[in-house]
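Following: one structure in structure tokens, then a few remarks.
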Protein chains: 2
Amino acid sequence: MELRQLKYFIRTAEVLNFTEAANDLFISQSTLSQQIKQLEEELDILLFDRVGKKIRLTEAGSLFLTYARQALQDTKDGKQIIEDLKELKTGSLNIGVTYGLSALLTDTIVSFSKRYPQIKITVDFGTSEDLLEKLKIAKIDFVLSFLQLPADDAFLSQVLFDSKLALVVHPSHPVAKEKTIDVKELQNICLALPAKGFNTRDFLEGAFTKNNISPSVKVELNDINMLLQLVETGNWCTVLTMASVKGRSNLKTIPITGIDIIRQASITWFKDVYRKKAANAFTEMIQSQIY
Amino acid sequence: MELRQLKYFIRTAEVLNFTEAANDLFISQSTLSQQIKQLEEELDILLFDRVGKKIRLTEAGSLFLTYARQALQDTKDGKQIIEDLKELKTGSLNIGVTYGLSALLTDTIVSFSKRYPQIKITVDFGTSEDLLEKLKIAKIDFVLSFLQLPADDAFLSQVLFDSKLALVVHPSHPVAKEKTIDVKELQNICLALPAKGFNTRDFLEGAFTKNNISPSVKVELNDINMLLQLVETGNWCTVLTMASVKGRSNLKTIPITGIDIIRQASITWFKDVYRKKAANAFTEMIQSQIY
DNA sequence: TCATTGCTATCGGTTAAACCGATTGATCAT
DNA sequence: ATGATCAATCGGTTTAACCGATAGCAATGA
């Protein structure tokens with residue numbers, strides 16, 4: 001039994017005339033006759049009564065017709081959902097993002113979801129390691145992070161934009177009046193920093209070591225939002241990329257001088273896997289919102 | 001797209017390994033690879049991600065899988081219902097019967113319906129002409145009647161049993177004490193007969209004419225049940241085949257002498273049409289109940 | 001580091017079956 | 001009667017499903 005035969009059968013049942021059905025189906029009458037016969041042999045029952053030069057459905061044919069129609073409809077539905085997927089009328093998008101880039105994501109999610117309301121978005125926060133692991137097993141479609149990867153890896157990265165590290169302070173804080181601050185001066189400030197293992201933190205540590213600095217880290221935590229809340233109390237300062245503080249108008253960012261503090265926000269894909277159209281559309285949207 | 005390809009796709013999605021799936025499907029790996037590719041080309045989307053030596057479903061593949069499974073299930077259901085039909089676990093039976101044979105039918109319907117409870121029985125009462133017309137357009141599966149047809153017709157008849165015509169009287173009626181009654185004596189009796197056009201009536205008229213008799217028909221009606229009810233009042237007698245009075249123990253039948261009064265109950269099929277298994281089973285049951 | 005294994009894609013050739021045109025036999029309308 | 005119309009059947013052709021062999025690539029282990 002093949003879908004082809006079901007199509008033939010359905011059309012024949014509709015017009016109850018082999019010759020006409022064959023024309024409709026763009027096959028010869030003999031072929032149609034053969035194919036119907038084949039179907040009848042497989043089911044071991046007559047689907048049509050051949051009475052004189054007329055044919056009509058048998059009870060079996062009538063019962064079977066329903067199922068044949070349904071089967072065909074299912075394949076049409078299957079095709080349709082794939083077309084919908086291509087036009088972003090359905091589907092899902094799983095985004096992995098490191099904490100430092102979450103602020104950036106919000107705007108894009110809002111406009112993407114407005115443009116493609118049928119697509120279900122799931123955002124997965126985590127460390128770079130966690131996210132790359134999930135990327136490998138296709139739990140997420142791509143990762144937004146500050147991570148730079150070796151080129152010969154299973155991953156493929158693409159830079160989105162540069163973002164400088166800056167001291168983040170509350171306006172009431174004493175250093176808030178400074179235009180810039182030298183990296184060495186950080187030693188004199190009460191810092192709350194992302195926990196070790198966090199990408200930005202690790203990057204910072206490297207910079208500190210290189211400059212022989214050991215700032216006083218009073219608080220460490222693994223949640224950027226809470227970190228910024230602490231800074232908002234005015235008791236602590238922190239160091240983050242400018243991008244991480246986007247949308248926090250009640251905080252001040254002070255450029256740090258004396259070290260190379262440029263970080264590159266990037267998007268990372270798993271090599272060789274099919275890229276969802278939704279994923280491509282989303283990243284294009286991110287990029288257009290940056291520039 | 002063919003069911004074959006859907007089967008291949010489903011199995012491959014289940015084991016996520018072309019080689020293994022090909023073995024399960026008893027085809028070569030190369031064939032499977034080709035067929036999946038063909039399916040992907042038709043849908044214009046990748047169904048599997050080939051990452052290294054592993055494969056996994058894409059979002060499209062995952063969505064499509066549901067529909068592929070459903071389509072296949074529908075064909076299985078279609079096959080199943082036909083198997084059920086063969087085993088008389090489903091289906092319908094449409095019986096045409098003339099009024100004179102309705103009494104006979106009751107018992108068989110009871111036992112048939114007990115044996116094959118899933119089969120829906122519809123009984124169509126009518127005149128022979130009506131019923132043959134319905135037989136022609138497959139509204140009914142066969143006709144039970146006293147009608148004899150010309151052999152060269154589109155119909156095919158088969159005799160079930162002989163049934164003599166008899167005078168039907170109520171025990172309180174004066175003639176009830178007679179063992180037999182001559183056809184000529186019918187003239188002296190108040191008769192209630194089936195309406196003209198009814199098979200038995202037409203047959204009777206022929207017999208009357210041949211014997212130069214013109215009995216006094218006081219009542220004519222087109223419902224055997226009501227006719228017998230009238231006879232039960234004791235005011236009228238009627239003439240019917242013995243078979244028609246089956247189950248009416250409160251009525252007496254008196255054989256009529258002097259004319260050829262044997263009628264043949266028969267079953268009539270439409271030539272060349274597929275005979276439902278249920279119809280065959282039913283008629284076998286009728287015949288076994290007769291003898 | 002290099003061979004080995006395990007996997008999919010592709011190539012050329014074979015085979016099965018879908019397909020066609022022509023014909024037959026039958027029914028139906030004129 | 002006769003021509004028109006329809007489905008079934010018969011060879012012959014063509015399409016495409018299928019196979020084995022092999023290439024190419026990743027994962028694994030020595």
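We name chains A, B, ... by the order of the sequence lines, and we start the count at 1 in each one.
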For A/Gln35, which contact category applies under a 4.0 Å heavy-atom criterion: base, sugar-phosphate, or nothing? sugar-phosphate
What range of DNA chain C does chain A touch, first nucleotide to last, counting atoms under 4.0 Å from its heavy atoms? C/dA18 to C/dC28
Have a look at A/Tyr8 and say if it touches a base, only the backbone sugar-phosphate, or nothing, with a 4.0 Å heavy-atom cut-off. sugar-phosphate
Spacing of A/Leu47 atom CG relative to D/dA7 atom C1', expressed in whole Å: 15 Å
Side-chain N or O of A/Arg50 closer than 4.0 Å to phosphate OP1/OP2 of D/dC6: no
Between B/Ile119 and B/Phe282, is there a side-chain heavy-atom distance shorter than 4.5 Å? no
Base, sugar-phosphate or nothing for B/Gln38? Non-hydrogen atoms, less than 4.0 Å. sugar-phosphate
Applying ring pair (Phe, Tyr, Trp, His ring centres under 6.0 Å), name anything that partners B/Phe203, two or more places apart in sequence or on another chain. none
Compile the donor-acceptor pairs under 3.5 Å between side chains in residues 64-71 of chain B and protein atoms, sequence neighbours left out, one pair per line.
residue, atom, partner, partner atom, Å
B/Gln70, NE2, B/Asp74, OD1, 3.3

Pairs flagged by salt bridge (charged side-chain N to carboxylate O under 4.0 Å, His left out) wherever residues 21-34 of chain A is involved - sequence neighbours left out: A/Arg11-A/Asp24
Give a yes or no on whether the backbone of A/Ala243 and the side-chain of A/Ser163 come within a donor-acceptor separation of less than 3.5 Å. yes
Just say parallel, tilted or perpendicular for the rings of B/Phe198 and B/Tyr99, cut-offs at 30° and 60°. parallel
With the threshold set at under 4.0 Å for non-hydrogen atoms, list the residues of residues 15-25 of chain A touching DNA chain D in residue-number order. A/Asn17, A/Phe18, A/Thr19
Once the angle between the rings of B/Phe270 and B/Phe155 is folded into 0 to 90°, is it parallel (under 30°), tilted (30 to 60°) or perpendicular (over 60°)? tilted
For the side chain of A/Gln5 and the backbone of A/Glu2, is there at least one donor-acceptor N/O pair under 3.5 Å apart? yes
Under 3.5 Å, which protein N or O atoms sit close to an N or O of nucleotides 22-30 of chain D? Give each pair with its distance.
none

Closest nucleotide of DNA chain C for B/Thr31 versus for A/Ile27: which of these residues is on the 5' side? B/Thr31
Side chains of B/Ile82 and A/Leu63: closer than 4.5 Å at any heavy-atom pair? no
Below 4.0 angstrom, N of the basic side chain to O of the carboxylate: do A/Glu40 and A/Arg50 qualify? yes
Regarding B/Phe26, tell me which of base, sugar-phosphate or nothing describes its non-hydrogen contacts under 4.0 Å with the strands shown. sugar-phosphate
Over how many whole Å does the gap from A/Gln34 atom CD to D/dA8 atom C1' extend? 9 Å
Would you call A/Lys196 and A/Glu205 a salt bridge, taking side-chain N to carboxylate O under 4.0 Å as the test? no
In whole Å, I'd like the distance from the CZ atom of A/Arg56 to the C1' atom of D/dC6. 16 Å
Does a nitrogen or oxygen in the side chain of B/Ser30 sit under 4.0 Å from OP1 or OP2 of D/dG20? no
d(CD, B/Glu2; C1', D/dT15) in whole Å: 13 Å
